[in-house]
Amino acid sequence: MHDIRFIRDHPEAFDAGLKKRNLPPLAAELLAIDKRRRAAISESEAAQARRKALSRQIGIAKAKGEPAEALMEEVANLEASLKKGEAEAQRLDEELTRRLEVLPNLPFDDVPDGTDETGNVEIRRVGNQRNFAFTPKDHVVLGEATGEMDFAAASKISGSRFVFLKNRLAKLERAIAQFMLDLHTSEEGGYTEVNPPFLVRDNAAYGVGQLPRFAEEMFHTDNGFWLIPTAEVPLTNLVNDTVLDEKDLPLRFTAWTPCFRSEAGAAGKDTRGMIRQHQFPKVELVSITTPEQSAAEHERMTARAEEVLKRLGIAFRTIVLCGGDMSPASRKTFDIEVWLPGQNAYREISSCSNCGDYQARRMGARYRPKEGKGTRFVHTLNGSGLAVGRTLIAVLENYQNEDGSVTIPEALRPYMGGLATIPGPVARK
RNA sequence: GGAGAGGUGGCCGAGCGGUCGAAGGCGGCGGUUUGCUAAACCGUUAUACGGGGUAAACCCGUAUCGAGGGUUCGAAUCCCUUCCUCUCCGCCA
């Protein structure tokens, strides 16, 4: 949600931000509505002030036992214009909100221009892509060969975009999630572990900007709940409708949850394997900060997500998304892309966004500054730390051996009961 | 699912239809006292929007007592609808 006063004071900056989003300028149009809105408010409030004063006089007159008919008649005469003025002010206010709430957040100046993913800019590469002495298989071949990754069974029960993991792979997925949570909740990580609800109401989905824009991307129950598409929804809403103390900021939350996405509009995209599922586990990171802290917190959060892949010893690159590829709530987004030898490509495994005060305004999440009066909106940030399903894919594909077995990265072995290798199909016979 | 209770300021908690933005307490802030801290005492302390003002301080106005309607000259207070929370019973992981 945008602040109309910001638009009033910086119309050209607002339009420049929209341009980065590949949208036409709107400041002039919005300010015209705002102008009429403010005029209507002034007019309506003046009438209300008159009524209030008269009613007070009526009260005083009646208390004294004096006649008040003349005063009451005067109020009655106000009634029609009063009702009309109030309705007009409300109508214009709602119109403005309706226009503002669907607009995306303004990208920071250092966000690159672009209309789609081709405009994204790589900012670093970490680790070396592994050299294979054989042709690496993708995770589907590896997993199905051992029977521990079963798409056929899942499709019988739930249709496409679901999977059964069994035995070592089921355990490996859990190990990965535990490893991530332990890292993020360590002293160095600084996040507080949270186990949130997976079903949320409209207002929570609205607060982070999922509604009204992305209703078709989420699963909905017939009694009104939304299945969370990411733990960002419950974690960020932890501070909705609250006034925090500056001394308590930043707040850092992490959660391991399933994420549910209808993937409407992704028909035919990544239909093979576990890359894009209706349900996938993810470890999420959310930070609540002051406006001054948010840029540094954004770098920190991204670094914490990268740390997972560093410790797993898997190559990745980090890119900054261009204005046209960022999610609407974000002012700046870093994507971490992991090297997948089975696809011979870097694929998104994390997305870390600084949402500025966009979500805070929608949620009513404020804080009291140490200095000065009043309250200010907090800044909210969220990032994957990491997508667990895709991390599983990355481990399988990067640590595979020629016989189809998979070496377990050192960092995960404590979570696998010390197991060093998931045996391949031949070894099982 | 059945039966009840309740939603008031950062938090807790009062509130006969008329000067209630709302008693009191806690917390916060400022001060007095104090070797320091604590305690005590005094004062102060809501938010949003509109207007004015030096985009400060501040001033004026309006709204806000879960939300939305209604009654009334006037509603935190009465009526209706709705959402939410809690308690007990039943059922259940």
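Every chain is numbered from 1, with letters handed out A, B, ... down the list of sequences.
Counting any heavy atom pair closer than 4.0 Å across all strands shown, A:Ser44 reaches no nucleic acid atom. Across all strands, A:Ile60 comes closer than 4.0 Å to base atoms (heavy-atom distances).
The side-chain hydrogen bond (donor to acceptor under 3.5 Å, both in side chains) search around A:Glu246 returns none, not counting sequence neighbours. For the side-chain hydrogen bond (donor to acceptor under 3.5 Å, both in side chains) test, residues two or more places apart in sequence or in another chain that qualify with A:Asp270 are A:Arg276, A:Arg347.
Close to B:rA55, at under 4.0 Å from its OP1 or OP2, lies no side-chain N or O of A:Arg5. Using a 4.0 Å cut-off, some side-chain N or O of A:Arg37 falls inside it from OP1 or OP2 of B:rG50. Between A:Arg368 and the phosphate of B:rA46, there is no side-chain N or O to OP1/OP2 separation shorter than 4.0 Å.
For the residue pair A:Thr115/A:Asn22, the side-chain donor-acceptor check at 3.5 Å is not satisfied. A donor and an acceptor atom, one from each side chain of A:Asn354 and A:Ser294, are located under 3.5 Å apart. Using a 3.5 Å distance cut-off with no hydrogens or angles, the side chains of A:Thr97 and A:Glu94 do not pair a donor with an acceptor.
Within residues 357-367 of chain A, the residues that place at least one heavy atom under 4.0 Å from RNA chain B are, in residue-number order, A:Arg366.
For the side-chain contact (heavy atoms from CB on, under 4.5 Å) test with A:Thr185, the passing option among A:Thr192, A:Val194, A:Thr254 is A:Thr254; the others fail. When each of A:Leu26, A:Asn105, A:Asp357 is checked for a side-chain contact (heavy atoms from CB on, under 4.5 Å) with A:His2, only A:Asn105 meets the rule. With A:Arg304 as reference, A:Glu188 is the one residue of A:His184, A:Glu299, A:Glu188 to meet the side-chain hydrogen bond (donor to acceptor under 3.5 Å, both in side chains) rule. Under the side-chain contact (heavy atoms from CB on, under 4.5 Å) rule, A:Lys332 has a single partner from A:Asp110, A:Asp109, A:Leu381, A:Leu321, which is A:Asp110.
Comparing the same atom, C1', in B:rG21 and in B:rG6 gives a spacing of 23 Å after rounding to whole Å. Nucleotides B:rC41 and B:rG51 have their C1' atoms positioned 41 Å apart, rounded to a whole Å. Taking the P atoms as reference points, B:rU62 lies 25 Å from B:rA55, given to the whole Å. Rounded to whole Å, the P atom of B:rC78 lies 15 Å from the corresponding atom of B:rA5. Distance check on atom C1': B:rA40 versus B:rU33 gives 9 Å, rounded to whole Å. Only the P atoms considered, B:rU47 is 16 Å distant from B:rA23, to the nearest whole Å. Taking atom P in both B:rC49 and B:rU44, the straight-line distance is 27 Å, to the nearest Å. Rounded to whole Å, the P atom of B:rU8 lies 14 Å from the corresponding atom of B:rU85.
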Report summary line: Whether each nucleotide of nucleotides 56-62 of chain B has a protein heavy atom under 4.0 Å at its base (B), only at its sugar-phosphate (S) or at neither (-) is summarised, 5' to 3', as --S--BB
Query raised in the report: When every nucleotide of nucleotides 74-83 of chain B is labelled 5' to 3' by its protein contacts under 4.0 Å (heavy atoms), B for base, S for sugar-phosphate only, - for none, what sequence of letters results?
Result: S---------
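Between A:Gln90 atom CD and B:rG50 atom C1' the separation is 16 Å, expressed in whole Å. A:Glu88 has its CD atom 16 Å from the P atom of B:rG50, to the nearest Å. Atom-to-atom, NZ of A:Lys62 to P of B:rU19 comes out at 15 Å; the value is rounded to the nearest Å. For A:Glu74 and B:rC73, the CD to P distance is 15 Å, given to the nearest whole Å. Rounded to an integer number of Å, the gap from A:Asn240 CG to B:rC84 C1' is 13 Å.
Ring centroids of A:Phe162 and A:His278 are separated by less than 6.0 Å, placing the two rings close together. Annotation: A:Phe334 is in aromatic contact with A:His298 [ring centroid separation under 6.0 Å]. Between A:His10 and A:Phe6, the distance from one ring center to the other falls under 6.0 angstrom.
Across the interface with RNA chain B, nearest-nucleotide mapping of A:Asp241 and A:Gly59 shows A:Asp241 to be the residue nearer the 5′ end.
Both the sub-6.0 Å distance and the 45° axial angle are satisfied by A:Arg362 relative to the ring of A:Tyr206.
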Report summary line: Each base of RNA chain B marked ( ) or [ ] if paired in-strand (Watson-Crick or G-U under 3.5 Å), | if paired to another strand and . if unpaired gives ((((((((.[[[..)..(.....]]]((((((.......))))))(((((((.....))))))).[[[[[..)....]]]]])))))))....
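A salt bridge does not link A:Glu86 with A:Lys83: every distance from a Lys NZ or Arg NE/NH1/NH2 to an Asp or Glu carboxylate oxygen is 4.0 Å or more.
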Requested in this report: Take A:Glu284 and A:Thr257 through the test side chain to side chain donor-acceptor pair (under 3.5 Å) and record every step on the way to the result.
Outcome: CA-CA 8 Å; A:Glu284 182 73 359; A:Thr257 72; over 6 Å; no
